[in-house]
Amino acid sequence: QAAPAAAPERGKERMITLEQVRAAAGRATPYIRRTPVVPAPDGTILKLEALQATGAYKVRGFFAAALALPPERRAKGLLTVSSGNAAQACAYVANQLGVPCRTVMLDSAPQLKIDGVRRLGARPVLLPREQLLHWMATAGWEGEPETFIHPFASEELIAGHGSLGLELLEQVPDLGRVLAGAASALKGARPEIEIIGVQSEGYPLWPRALAAGGPVSLAPATIADGTTAPFDASMLPRMRDLVDRWLLVPEERLRAAIVELATRVKIVAEGAGALAYAAREQLPPGPPTVAIVSGGNIAPSLLAELLAGA
């Protein structure tokens, strides 16, 4: 019999409470890094989640979700679906907890991320985009022996990601705005903090979906592959209620931001990781602002190309 998925039931989505975030953070904290905050040249504060073990904040949520499972379920293994960073996070968590793992991934995912999953002892299952989207739409994980952890809609995972917000409140007590992330924790603790969503102009899924009130058809055309997940109805009310506004970053600016982070801030970031940094210049002067830099898994060839063209 298949293990039930660690994901919300269809139509049962709800807001994550601060109590859930604190409980999830308590489970995950012994396994994750408390990442530093550093000032950018313009005074924006950067939260360097690219320094997590797999280069992204997603280990926070996967540890919280995996550790919430009964031991006998966890022992059967973990399963997720991802273009790369969530897959590596799930693989890392499974490796640290000593359980099997499979990750369903796009066959077009960066080779660096596929190799990272394998290096961590998990097995990537590569599918074309349309086949992967069908697998997700039809809950293809049902019938599999492992527990499926949804990469962005699982309540325990979202609560675990909130540990990032709790850290920020300690590190930046007068925090006023946050670019890209930790909305549940921050809004739960300090509703007046402005949460600003950021996406590339090459895949503006959520601004379009929110405007339409439902799913929209978009083909990704961005180097921020970590942000090209498909529409998920359970996320619509969360995006609507927790994100105060959205900013879109042109692809050209995103490429330049990767170079700036490498040469000025001395941090390596992929496209998804550089989005918040790239968007900060669209904001007028205001309260202390944090841009979350999460996603450090850029192909060396792409990084070399961008640096050479700078």
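- One side chain, Asn85 or Glu270, offers a donor N or O that lies under 3.5 Å from an acceptor on the other.
- Using modelled atom types, one side-chain atom of Ser83 and one backbone atom of Asp225 make a donor-acceptor pair closer than 3.5 Å.
- Aromatic ring pairs are classed by plane angle as parallel below 30°, tilted from 30° to 60° and perpendicular above 60°; the pair Trp141 and Phe148 is parallel.
- Between Val198 and the choices Val243, Thr227, Leu275, Leu248, the side-chain contact (heavy atoms from CB on, under 4.5 Å) rule is met once, by Leu275.
- Side chain of Thr222 to main chain of Gly202: no donor-acceptor pair is present (N/O by atom type, distance under 3.5 Å, no hydrogens or angles).
- A 4.5 Å side-chain heavy-atom check between Leu106 and Leu127 finds every atom pair outside the cut-off.
- Checked against side chain to side chain donor-acceptor pair (under 3.5 Å), Asp241 has no partners two or more places apart in sequence or in another chain.
- A salt bridge links Glu281 and Arg253; the closest N-O separation between the charged side-chain nitrogens and carboxylate oxygens is under 4.0 Å.
- In the model, Gln52 has no side-chain atom that pairs as donor or acceptor with a side-chain atom of Tyr57 under 3.5 Å.
- Judged as a salt bridge (charged side-chain N to carboxylate O under 4.0 Å, His left out), and not counting sequence neighbours, the contacts of Arg34 are Glu170.
- Side-chain contact between Ile267 and Leu46 is absent, with no heavy-atom pair separated by less than 4.5 Å.
- Arg190 has no carboxylate O lying under 4.0 Å from a charged side-chain N of Asp174, or vice versa, which leaves the two without a salt bridge.
- For Arg60 (side chain) and Gly160 (main-chain N/O), no donor-acceptor pair under 3.5 Å exists by modelled atom type.
- Distance CG/Leu186 to CD1/Ile193: 5.0 Å, rounded to 0.5 Å.
- Side-chain atoms of Arg280 come within 3.5 Å of backbone atoms of Tyr277 as a donor-acceptor pair (strictly under, hydrogens ignored).
- Glu49 and Arg33 are not joined by a salt bridge, as no carboxylate oxygen comes within less than 4.0 angstrom of a charged side-chain nitrogen.
- The main-chain N or O of Ile195 is found under 3.5 Å from a side-chain atom of Asp244 such that the two form a donor-acceptor pair.
- Contact check for Val81 versus Pro151: side-chain heavy atoms found under the 4.5 Å cut-off.
- Summarising the local packing, OH of Tyr31 is surrounded by 12 or fewer heavy atoms from other residues, nucleotides or ligands at distances under 6.0 Å.
- Judged by distance alone, with hydrogens and angles left aside, the side-chain atoms of Arg74 form a donor-acceptor pair with the main-chain N or O of Leu69 at under 3.5 Å.
- Considering Arg177, Arg245, Lys187 as possible partners of Glu194, the one that fulfils the side-chain hydrogen bond (donor to acceptor under 3.5 Å, both in side chains) test is Arg245.
- Judged by distance alone, the side chain of Thr29 and the main-chain N or O of Ala25 form a donor-acceptor pair under 3.5 Å.
- When every heavy atom of Ile292 is checked against every heavy atom of Ala180, the shortest pair comes out as CD1-O, 3.3 Å.
- The side-chain heavy atoms of Leu168 and Leu175, taken from C-beta on, include a pair separated by under 4.5 Å.
- Donor-acceptor pairing under 3.5 Å is recorded for the side chains of Lys47 and Thr35.
- Proximity of a side-chain donor or acceptor of Gln199 to a complementary backbone N or O of Trp206 within less than 3.5 Å is detected.
- For the pair Glu251/Leu254, a side-chain contact is recorded, criterion being any heavy-atom separation below 4.5 Å from C-beta on.
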